[in-house]
Amino acid sequence: MAEDPVPPPREAGETADELVQAARGGDQAAFGRLVEMHQRPLTRLTHRLLGDRDEADGAVQDTFIKAWRSIRTFRGECRFGTWLARIAVNQCRDQLQRKRLVVAEGQLGPESRDGKGGSVLERAVDPSPDLEEQAVGRELARKIAEHIGGLPDMQREVFALRYYEDRPLAEIAALFGVNIGTVKTHLFRATHRIQKALEAIYGPRLPIS
């Protein structure tokens with residue numbers, strides 16, 4: 001019996017769009033390349049949302065399984081990475097509904113016009129300060145992390161995408177199917193909530209210059 005023909009190796013210079021089109025046509029090798037391209041950022045995102053490496057790995061695996069099964073429904077209305085992130089966020093939501101986990105610690109800055117800003121909170125995890133300031137910053141970051149897990153789902157997810165993943169506001173809005181104003185509202189509420197919690201501990205002046 002003749003062996004199945006071995007598909008030719010994919011061209012190294014193929015673009016993501018070309019790989020997506022090939023995958024939509026049933027090309028498993030092309031989808032494998034897309035998995036290689038997106039696995040790391042998706043794992044980072046799911047870990048931030050779930051706070052557990054094993055849970056995050058499982059969510060990423062389920063994301064790619066669902067993506068492969070529904071790849072033909074992808075019409076290119078958004079970037080492929082954004083489409084994958086939407087599936088991953090939904091996977092995390094499902095897991096968090098079953099088991100309430102907290103996200104890992106990260107950086108926080110007050111709201112500005114673009115949804116981010118340099119601040120004493122952001123400098124809490126800045127690697128550039130001296131050793132003493134770094135130690136104080138790590139303590140502050142841990143306090144921040146304690147309160148992130150208590151945020152409502154949408155606030156936590158928007159917060160993670162913006163501050164952990166540095167996703168543009170427009171991309172976050174597309175991911176959730178909402179307008180940018182809604183994203184800004186959730187960011188503001190999350191930031192304000194954590195800011196007030198820190199002020200209750202440290203007072204109006206945070207312990208980092």
Side-chain angles (χ1 to χ4, degrees), residues 1-99 101 103-104 106-107 114-116 153-180 182-184 186-187:
M1 186 171 76
E3 295 182 356
D4 292 335
V6 177
R10 307 213 60 81
E11 295 294 333
E14 281 182 315
T15 67
D17 287 342
E18 290 171 338
L19 291 171
V20 169
Q21 290 304 315
R24 290 185 64 232
D27 189 332
Q28 294 187 14
F31 188 76
R33 287 281 296 116
L34 291 169
V35 169
E36 293 174 2
M37 293 168 61
H38 295 282
Q39 186 163 13
R40 181 173 293 181
L42 282 182
T43 299
R44 186 171 60 243
L45 171 61
T46 55
H47 185 223
R48 298 301 190 184
L49 292 174
L50 296 172
D52 181 271
R53 179 62 65 183
D54 291 336
E55 294 276 349
D57 289 342
V60 171
Q61 291 179 18
D62 290 342
T63 294
F64 285 127
I65 291 171
K66 289 193 173 185
W68 173 247
R69 289 174 177 170
S70 58
I71 186 70
R72 289 178 178 83
T73 69
F74 178 69
R75 296 289 181 254
E77 291 90 353
C78 61
R79 294 193 305 126
F80 185 72
T82 301
W83 184 70
L84 285 176
R86 181 183 300 153
I87 298 174
V89 167
N90 287 334
Q91 288 297 119
C92 292
R93 281 180 173 178
D94 290 343
Q95 292 193 33
L96 286 168
Q97 286 175 356
R98 296 189 298 265
K99 186 177 181 180
L101 299 175
V103 296
Q107 61 186 7
D114 66 350
K116 292 189 74 176
D153 287 349
M154 187 70 169
Q155 290 182 23
R156 184 181 60 252
E157 292 158 2
V158 169
F159 178 90
L161 287 162
R162 184 58 180 152
Y163 290 107
Y164 295 153
E165 298 300 307
D166 199 27
R167 301 289 182 105
L169 295 180
E171 181 176 335
I172 299 172
L175 193 157
F176 289 109
V178 299
N179 58 47
I180 292 179
T182 299
V183 172
K184 287 183 176 181
H186 285 293
L187 269 178

Cut-off 3.5 Å, no hydrogens considered: what does the side-chain donor-acceptor table look like for residues 82-90, sequence neighbours left out?
| residue | atom | partner | partner atom | Å |
| --- | --- | --- | --- | --- |
| T82 | OG1 | E171 | OE2 | 3.2 |
| R86 | NE | L175 | O | 2.8 |
| R86 | NH2 | A174 | O | 2.7 |
| N90 | ND2 | R86 | O | 3.3 |

Only pairs under 3.5 Å count here: list side-chain donor-acceptor contacts from residues 35-44, not counting sequence neighbours, and write none if there are none.
| residue | atom | partner | partner atom | Å |
| --- | --- | --- | --- | --- |
| E36 | OE1 | R33 | NH1 | 3.1 |
| T43 | OG1 | Q39 | O | 2.8 |
| R44 | NE | E165 | OE1 | 3.4 |
| R44 | NE | E165 | OE2 | 3.4 |
| R44 | NH2 | E165 | OE1 | 3.4 |

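In this structure, the side chains of L169 and L187 come closer than 4.5 Å at one or more pairs of heavy atoms. Contact check for H186 versus E157: no side-chain heavy atoms found under the 4.5 Å cut-off. Between R162 and K184 there is no side-chain heavy-atom pair separated by less than 4.5 Å.
Shortest non-hydrogen contact noted between A23 and A30 is N-CB, 3.9 Å. Shortest non-hydrogen contact noted between D54 and D52 is N-OD1, 3.1 Å. In this structure, M154 and F176 approach most closely via the heavy-atom pair CE-CG, 3.6 Å. Closest approach of F31 and F64 over heavy atoms only: CZ-O, 3.5 Å.
L49 contributes atom CG, which lies 12.5 Å from atom CD of E55 (distance to the nearest 0.5 angstrom). Summarising the geometry, atom CG belonging to D62 is positioned 10.5 Å from atom OG1 belonging to T46; distances are rounded to the nearest 0.5 Å. Within the model, atoms CZ of R156 and CZ of R48 stand 14.0 Å from one another, a figure rounded to the nearest 0.5 Å.
Considering only residues two or more places apart in sequence or on other chains, N179 meets the side-chain hydrogen bond (donor to acceptor under 3.5 Å, both in side chains) condition with T182.
Here side-chain hydrogen bond (donor to acceptor under 3.5 Å, both in side chains) pairs that include residues 63-72, with residues two or more places apart or in two chains, are K66-Q91.
Counting only distance, with no hydrogens or angles, the side chain of R24 and the backbone of F74 share a donor-acceptor pair below 3.5 Å.
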- Task: Determine, step by step, whether I172 and F159 satisfy the side-chain contact (heavy atoms from CB on, under 4.5 Å) criterion, reporting the C-alpha distance in whole Å, the side-chain angles of both residues, the deciding distance to 0.1 Å, and the verdict.
- Result: CA-CA 10 Å; I172 299 172; F159 178 90; over 6 Å; no
